[in-house]
Amino acid sequence: MGDYFDDINSMVIDVLKEIGNIGAGNAATALAKMVNTKVDMTVPKVKILEFSEVPEMIGGEEMQVAGIFFKLSGDLNGSIMFVLDLDSAYSIIDLLMPREVKELDEFTMSALKEIGNILSGSYVSSLASLTNLKINISVPSLAVDMAGAVLSVPAIQFGLMGDKVLIIENEFLEIEASKSTKGYFFLIPDEDSYDILLSSLGVSL
């Protein structure tokens, strides 16, 4: 199978960027409600990269990261993954529950899954509203490991489509504490679902 992303033109990329902007904006609003403080965000960066370039983008294959993974079902099938380095994971947990000890125990890992669930759920909800598609997400699965290992999950998914990936990079800014959290959404519809997604937006390849 050829590389599916080779057929994507600049107009499609603009549409995907707009989806990223809207979804990330709603995710920032959801995060602000969760931590009960003002949260801003930078303009999301939407990129299509060779999959081999992804670990370097987030700090290298040996960078310790947390990945929260969800299966997509309904009108779209595929998966979504929210990945952040451990410093950002600690920062986002501290917004929810300030702690002295910086480690991921069962309680904080459960909190991190819930944060990923709310952010990803908000993103998927805005995507569903924009496309008028029914999209469900599974319960979250959390992996904490080196980036190379965590990214092997979407690598398997993308391996079915080609060697390139669609990445939406977000940086959330907590205003009062001047803390920032950088995270990456990997939106991974299967090939048929990509056609459905783009057709629902009036875009054809």
Side-chain angles (χ1 to χ4, degrees), residues 1-9 11-34 41 44-49 51 54 66-84 110-143 150-170 172 183-205:
M1 180 180 296
D3 194 327
Y4 189 77
F5 285 101
D6 284 346
D7 294 330
I8 290 183
N9 57 39
M11 183 179 70
V12 175
I13 292 175
D14 287 344
V15 170
L16 295 173
K17 285 182 177 179
E18 185 59 20
I19 292 172
N21 281 329
I22 295 171
N26 288 345
T29 299
L31 180 61
K33 289 180 179 176
M34 188 190 318
M41 68 170 195
K45 300 174 183 175
V46 181
K47 302 177 181 177
I48 295 174
L49 296 178
F51 196 86
V54 175
I68 304 115
F69 180 83
F70 306 84
K71 295 291 292 182
L72 298 177
S73 62
D75 293 332
L76 292 185
N77 293 303
S79 56
I80 186 170
M81 192 171 193
F82 182 57
V83 176
L84 63 172
S110 178
L112 189 57
K113 281 197 289 188
E114 184 57 22
I115 291 168
N117 189 36
I118 291 174
L119 292 178
S120 298
S122 177
Y123 181 85
V124 170
S125 178
S126 61
L127 177 61
S129 296
L130 191 65
T131 59
N132 201 31
L133 296 173
K134 182 180 180 181
I135 310 172
N136 305 311
I137 64 172
S138 68
V139 296
S141 299
L142 172 66
V150 171
L151 290 170
S152 66
V153 178
I156 293 170
Q157 296 286 332
F158 277 113
L160 299 175
M161 298 173 57
D163 298 326
K164 297 178 182 176
V165 296
L166 172 67
I167 301 168
I168 302 163
E169 177 184 344
N170 290 107
F172 300 108
Y184 302 85
F185 284 104
F186 294 80
L187 178 63
I188 316 167
D190 64 23
E191 186 169 353
D192 289 340
S193 292
Y194 240 111
D195 288 337
I196 294 171
L197 172 61
L198 295 178
S199 293
S200 70
L201 295 166
V203 177
S204 60
L205 295 176

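- Residues satisfying the side-chain contact (heavy atoms from CB on, under 4.5 Å) criterion with Ala143, sequence neighbours excluded, are Val150.
- Interatomic distance, CG of Leu197 versus CG of Leu76, reported as 5.5 Å (0.5 Å rounding).
- Within the model, atoms CG of Leu127 and OG of Ser120 stand 12.0 Å from one another, a figure rounded to the nearest 0.5 Å.
- Distance check, rounded to the nearest 0.5 Å: OG of Ser110 to CD1 of Ile115 gives 10.0 Å.
- Interatomic distance, Lys134 NZ to Asp75 CG, rounded to the nearest 0.5 Å: 8.0 Å.
- Under the 4.5 Å side-chain criterion, counting only non-hydrogen atoms from C-beta, Val124 is not in contact with Leu187.
- A donor-acceptor distance shorter than 3.5 angstrom exists from the side chain of Ser129 to the backbone of Ser125, with no hydrogens or angles considered.
- Residues Ile167 and Phe186 have side chains in contact (heavy-atom distance under 4.5 Å, counting atoms from C-beta outward).
- When the side-chain contact (heavy atoms from CB on, under 4.5 Å) test is applied to Ile118, the partners found at least two apart in sequence or on another chain are Ala30, Met34, Glu114.
- Applying the ring pair (Phe, Tyr, Trp, His ring centres under 6.0 Å) test to Phe82 and every residue at least two apart in sequence or in another chain returns Phe185.
- Every residue two or more places apart in sequence or in another chain that forms a side-chain hydrogen bond (donor to acceptor under 3.5 Å, both in side chains) with Ser193 is listed here: Asp190.
- Contact detail for Leu133 and Ser200: the closest heavy-atom pair is CD1-OG, 3.8 Å.
- Scanning for side-chain contact (heavy atoms from CB on, under 4.5 Å) contacts around Ala32 gives Val39, with sequence neighbours left out.
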Determine all donor-acceptor pairs shorter than 3.5 Å in which one atom belongs to a side chain in residues 135-142; sequence neighbours excluded.
residue : atom : partner : partner atom : Å
Ser138  : OG   : Lys71   : N            : 2.9

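- Asn117 places none of its side-chain heavy atoms less than 4.5 Å from the side chain of Ile68.
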